[in-house]
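First comes the structure, then the notes that go with it.
In listed order, ligands and their atoms are each counted from 1. Since we're looking at a predicted model, the values are computed, not measured.
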Amino acid sequence: MEKLQCPSCGSPDVQQVGYPEYKCTHCGTRFIPDQAPSGFVDVVLVGIPPGKDEIDAIKAVRQATYLGLAEAKRAVENLPAVVKQNVPVAEGERIKAALEKAGATASLKPA
Ligand SMILES: [Zn+2]
């Protein structure tokens with residue numbers, strides 16, 4: 001990815017504040033880089049719903065990601081785990097939201 005600049009002040013001092021949003025540390029402007037919406041991301045399962053047993057967690061992960069039982073089980077047992085690779089940003093956001101709705105923690109990283 002090419003070097004990012006703040007669209008307001010041109011400062012290169014920008015930091016990621018969640019994918020795909022960035023914030024300028026100079027003037028505080030938040031922005032989404034042009035290339036991000038068409039990009040691809042990996043969905044990372046970071047945490048599973050607290051207080052639920054493993055079976056419920058696996059079920060929640062399967063519903064959100066359409067993973068097979070074995071893959072979902074492996075992901076839940078080996079956190080953090082990439083549960084979807086190289087999906088469009090919009091699809092990644094949908095899966096992340098579904099996981100979070102189930103109480104899990106997920107993040108997106110550029111594929
Ligand atoms: Zn700025």
Side-chain angles (χ1 to χ4, degrees):
M1 193 184 282
E2 57 190 273
K3 189 110 177 95
L4 291 170
Q5 281 189 340
C6 170
S8 294
C9 70
S11 167
D13 299 328
V14 297
Q15 63 179 191
Q16 202 165 5
V17 288
Y19 197 79
E21 198 178 24
Y22 285 78
K23 183 182 174 186
C24 175
T25 54
H26 193 68
C27 71
T29 300
R30 282 169 175 256
F31 64 99
I32 294 171
D34 288 342
Q35 66 267 42
S38 60
F40 288 81
V41 292
D42 290 345
V43 183
V44 185
L45 178 66
V46 180
I48 59 173
K52 287 198 177 188
D53 65 26
E54 195 181 280
I55 303 292
D56 286 338
I58 291 168
K59 215 180 283 179
V61 168
R62 290 193 67 192
Q63 272 172 7
T65 62
Y66 311 122
L67 282 183
L69 181 59
E71 290 110 312
K73 188 170 189 292
R74 204 177 309 130
V76 165
E77 288 171 350
N78 296 285
L79 298 177
V82 174
V83 290
K84 279 286 177 182
Q85 273 188 311
N86 215 24
V87 293
V89 171
E91 173 71 356
E93 293 283 4
R94 186 198 64 75
I95 295 168
K96 179 172 181 280
L99 286 168
E100 286 174 348
K101 198 176 167 199
T105 313
S107 66
L108 302 179
K109 68 181 176 86

Do Thr29 and Tyr22 come close enough that some side-chain heavy atom pair is under 4.5 Å? no
Look at the side chain of Arg30 and the backbone N and O of Lys23, then say whether any donor-acceptor pair between them is shorter than 3.5 Å. no
Within the side chain of Ser11, is there an N or O that forms a donor-acceptor pair under 3.5 Å with the backbone of His26? no
Assigning hydrophobic clusters by single linkage (Ile, Leu, Val, Met, Phe, Trp, Tyr; side-chain heavy-atom cutoff under 4.5 Å), is Ile48 placed with Ile95? yes
Anything under 3.5 Å between a donor and an acceptor, one on a side chain of residues 81-93, the other on a protein residue two or more places apart or in another chain? List them.
residue: Lys84; atom: NZ; partner: Thr65; partner atom: O; Å: 3.1
residue: Glu91; atom: OE1; partner: Arg94; partner atom: NE; Å: 3.2
residue: Glu91; atom: OE2; partner: Arg94; partner atom: NH2; Å: 3.2

Tell me, with the steps shown, if Leu108 and Val43 meet side-chain contact (heavy atoms from CB on, under 4.5 Å). CA-CA 5 Å; Leu108 302 179; Val43 183; 3.7 Å; yes
Run through the protein N/O/S atoms less than 2.8 Å from the Zn ion (ligand 1) and write them out by chain and number. Cys6 SG, Cys9 SG, Cys24 SG, Cys27 SG
